[in-house]
Amino acid sequence: MSEEKKSLNFIEQIIEEDLKTGLNPEKLRFRFPPEPNGYLHIGHAASICLNFGLGEEYNAPVNLRFDDTNPAKEEQEYVDAIKKDIQWLGFEWDQELYSSDYFQQLYNWAILLIKKGKAYVDDQTSAQIAEQKGTPTKDGEDSPYRNRSVEENLELFEKMKKGDFDEGSHVLRAKISMKATNMLMRDPIIYRVLKRSHHRTGSDWNIYPMYDWTHGESDYIEQVSHSICTLEFKHHRELYDWFLDQVYDENKLRPKQREFARRNLSYTVMSKRKLLQLVEEGIVNGWDDPRMPTISGLRRRGYTPKAIRDFSETAGIAKRDNVTDIALLEFHIKNELNKTAPRVMAVLNPVKLVITNYPEGKEEILIAENNPEDENAGTREMPFSRELYIEREDFREQANKKFFRLKLDKEVRLKSAYIIKANSVIKDENGEITEIHCTYDEDSRSGSGSEASKRRVKGTIHWVSIPHAIPAEVRLYDRLFTDEAPDSHKDKDFKEFINPDSLKIIDNAFVEPSLKPAKIGDQFQFQRLGYFNVDDDSTSDKLVFNRTVPLRDSWAKQNK
Ligand code: ATP
Ligand code: MG
C-alpha cells in the first residue's frame, strides 16, 4: 500500500504512521456510527466512503454501529433506512452493533468510576449546573454535591436507575475539574434520568448514558483502532481520552479519535435536525423527496451509487471546514448517465406541428440510435406521422440569426427524421399558436444516404408523433434553497431561503412510445433536455418522470 503512487489523505497518513510504529495491521478496525434519528445524507456518505474505503484499502473490518443513546429521538424506521442506504451505496459492514447493547457494561463502568471517586451524583437542576460552569476565561464552581461519599453516590445512582427520581432531578457527573481550560472537561454529565421506552431495550432503563461517555467506550469495547469523526468533536478528544483512561487495560488496543471536516454542500442544509423540520413542516414530501440531500432523496432523483461514490472520492476529505459546490455532484451523475442512459425523445411543452405534404394516415418506422456514447446500445424504432409535437420554445415566427431552431420560411432537422420548413401558423383568439404548418423534404431522411439527407441545416429539434405519443407527468427540480449557504446567516432562519420554485410539475408532457414499458428507476436522456428517471409514483396508467439533472447548467446563467 505505501508503495502506491496515489497520494495519501491525512487519515491514511496517520494510519501508515501507526503501522510503522508498531500497530499490527490485523488490529485495524473502523466503524460508521450513525445515530438513528434521521435519514442519511450526502454528508454521511463522505464518512461512509471514508470508513468503508479504509476497510477495503487495508482489508480491515468496518462495523456499522448505531449510537442509540437518546430514546427520545430514535426510531426503528431510521435504523432500517440507514442500513438500506449503506447497502445501496455498495458497502458491506462486518457486524451490525448497537451502543444500547452495551448499556449494562457502561453502567458497570459508571459504578467503577464512582468507586474510584471519579463520579458523583448531582441533585442540582441543569440550569444550576450551567450557571456554575464558568466561561473559558473564568473558572467554574464546584457543585455542593461534588464531595459526596462513595456510599452515598452508589445509593443515589442506584435510585436513579430504579426510577425513584424524576427526569431532570439527578445526574451522574464525572469528577474531573471545574477549572479545566477545556469546558467539556468541567465535570461533564455521563448519565441522566429519562423515563422513556427505547427502541431496543424497551423500559429496562430509567437512566441513559450521554453520547461522549458512550461513544468512546463503545469504540473500546469493539476495539476500533481509528475512530474517525467530524471536526466539531475535536475538543471532545480530551474527554474521549479521559474516559478511556478510566477503563483501559494495557493488553487491549486503545482506540484513537481523529477528526476531519464535515462535508457541506452548496445550496442545501445538511443537519438531520433541519432536514427533519423540512419533512415535519411539509416543506418537502418526506425524507426521500428528490430535492432532499438525503441518500434516499438522491436515489429517488436518479443518482446512482457510483456517482455518489465518485463524488465523495473527488471531493476528498479535508482538515478545515469548507463548502463543496453542488455542481461537482451534478457533474458526476451527468458523466455517468452520459455513458449509460438510453436517448429518447420527450416533449415537455408541446405545440402541434402538421406536415402538410405528408400523406394523411401514413405512418413509417424510423430507426434511431440509442446511445452514441455506447456502441453496444443498439437502435430503436420511432414511429413518424403527419402530426407531431415539438417544444413550443423551439419555434418562433421571427427570430435573429442566433436562433437555430424552427422559424417561418426556414429549415430545421427533426432528430433522426426529416428536414422540415415552416410555412405558416394557426393561432387562437388570444394570439397563441395552436398549429405550425410545415412541409418536409421527402428525400432527407436521416441515415438514408441520399444527397438530401446529407444536406446541412443549422438546427436539430426533437419531436414525438402525436398518434403514438404517450402522455406523462414530468417533475422538474431546482435547488431547494436560493442561498449558497442557507444556514450560515446568524440573524436569519435557514427556511427564509427556501426556493419557492424548487418543484415544477408538468402534467401534459408527451414521450415517445418506446417508453411504454419503462419501470420505476429506469433512466433516460430526454434528448436536448436532460437526464430523467421513472419516479416511484409512476404506474402503468401514468408514467411519472423526475429530472435528475439538466444537460446544461442553466442555474449559473440565470443567477449570476
Ligand atoms: P447531523 O448533524 O446531520 O445530525 P450527525 O453528526 O449528528 O449529523 P450522526 O448520525 O451522528 O449524524 O453521524 C454519523 C457519522 O457521520 C458521524 O461519524 C459523523 O461525524 C458523520 N457525519 C455526519 N454528518 C457529516 C457530514 N456532513 N460530513 C461528514 N461526515 C458526517
Ligand atoms: Mg452525531
Side-chain angles (χ1 to χ4, degrees), residues 9-11 30-55 62-70 72-75 77-83 85-86 89 91 93 96-100 199 210-212 214-216 218-219 222 224 226-237 240 255-280 287 292-298 308-309 311-313 315-324 326 328-329 485-488 494:
N9 66 44
F10 75 95
I11 297 283
F30 308 97
R31 90 285 173 263
F32 174 66
E35 189 184 346
N37 62 352
Y39 281 59
L40 297 181
H41 50 60
I42 186 78
H44 291 112
S47 171
I48 293 171
C49 291
L50 173 61
N51 282 293
F52 284 93
L54 289 169
V62 186
N63 291 331
L64 169 60
R65 184 210 313 143
F66 290 100
D67 264 331
D68 53 349
T69 54
N70 186 355
K73 288 188 184 158
E74 297 158 4
E75 285 173 32
E77 176 199 344
Y78 298 136
V79 169
D80 296 338
I82 289 169
K83 286 164 65 178
D85 287 348
I86 299 172
L89 283 172
F91 294 110
W93 53 85
E96 178 182 335
L97 303 166
Y98 292 82
S99 292
S100 55
H199 73 115
M210 299 299 286
Y211 182 85
D212 279 321
T214 312
H215 192 82
S218 299
D219 285 342
E222 294 169 6
V224 168
H226 295 81
S227 173
I228 303 161
C229 60
T230 38
L231 274 186
E232 71 273 20
F233 287 99
K234 195 154 194 135
H235 297 300
H236 296 243
R237 199 203 281 183
Y240 182 98
K256 191 178 228 183
Q257 175 185 306
R258 288 297 178 269
E259 310 82 14
F260 74 106
R262 297 177 83 82
R263 166 89 66 246
N264 298 304
L265 201 58
S266 60
Y267 296 102
T268 192
V269 294
M270 209 92 93
S271 118
K272 280 184 279 186
R273 189 174 54 79
K274 289 176 185 154
L275 296 175
L276 180 65
Q277 272 184 57
L278 298 176
V279 173
E280 285 186 335
W287 286 96
M292 290 280 269
T294 51
I295 305 294
S296 48
L298 290 166
I308 293 175
R309 289 174 68 155
F311 163 74
S312 293
E313 175 77 28
I317 62 158
K319 286 187 184 175
R320 297 256 175 93
D321 282 323
N322 62 83
V323 179
T324 306
I326 196 165
L328 184 64
L329 182 61
D487 51 5
S488 68
F494 74 103

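Just so you know, ligand 1 is whichever comes first in the structure, and atom 1 is the first atom listed for that ligand.
- Checked against a 3.5 angstrom limit, the closest N/O atoms of Y211 and ligand 1 fall outside it.
- Here the straight-line distance linking atom CG of D68 with atom OH of Y78 works out to 14.5 Å at 0.5 Å rounding.
- For the atom pair CG (D67) and OG1 (T214), the distance works out to 7.0 Å, reported to the nearest 0.5 Å.
- For ligand 1, the atoms closer than 4.0 angstrom to any heavy atom of P33 are 14 (C), 18 (O).
- Between R31 and ligand 1, not a single N/O pair is under 3.5 Å apart.
- For ligand 1, one of its N or O atoms has an N or O atom of T230 under 3.5 Å away.
- Of the inter-residue distances, the one linking I48 atom CD1 with I308 atom CD1 reads 9.5 Å to the nearest 0.5 angstrom.
- At under 3.5 Å, a nitrogen or oxygen of H41, whether backbone or side chain, sits near a nitrogen or oxygen of ligand 1.
- By heavy-atom distance, the residue among H215, R273, R262, M270 lying nearest atom 2 (O) of ligand 1 is R262.
- Applying the 4.0 Å criterion to heavy atoms of R263 picks out, from ligand 1, the atoms 26 (C), 27 (N), 28 (N), 29 (C).
- Residue S271 has no nitrogen or oxygen atom sitting less than 3.5 Å from a nitrogen or oxygen atom of ligand 1, judged on distance alone.
- With E259 as reference, R237 is the one residue of H236, H235, R237 to meet the side chain to side chain donor-acceptor pair (under 3.5 Å) rule.
- In this structure, of E259, E35, R65, H44, the residue bringing a heavy atom nearest to atom 12 (O) of ligand 1 is H44.
- Against a heavy-atom cut-off of under 4.0 Å, F260 is close to the following atoms of ligand 1: 29 (C), 30 (N).
- Checked by atom type and distance alone, the side chain of Q257 pairs as donor or acceptor with a backbone atom of F233 at under 3.5 Å.
- Near P34, meaning under 4.0 Å from one of its heavy atoms, ligand 1 places the atoms 10 (O), 14 (C).
- The aromatic rings of F32 and F52 sit tilted relative to each other, their planes meeting at an angle between 30° and 60°.
- Checked for salt-bridge contact, K83 and E96 meet the test: a charged N lies under 4.0 Å from a carboxylate O.
- Using a 4.0 angstrom heavy-atom cutoff, F233 does not count as in contact with ligand 1.
- Of the possible donor and acceptor atoms, one in the side chain of R263 sits under 3.5 Å from a partner among the backbone N and O of G316.
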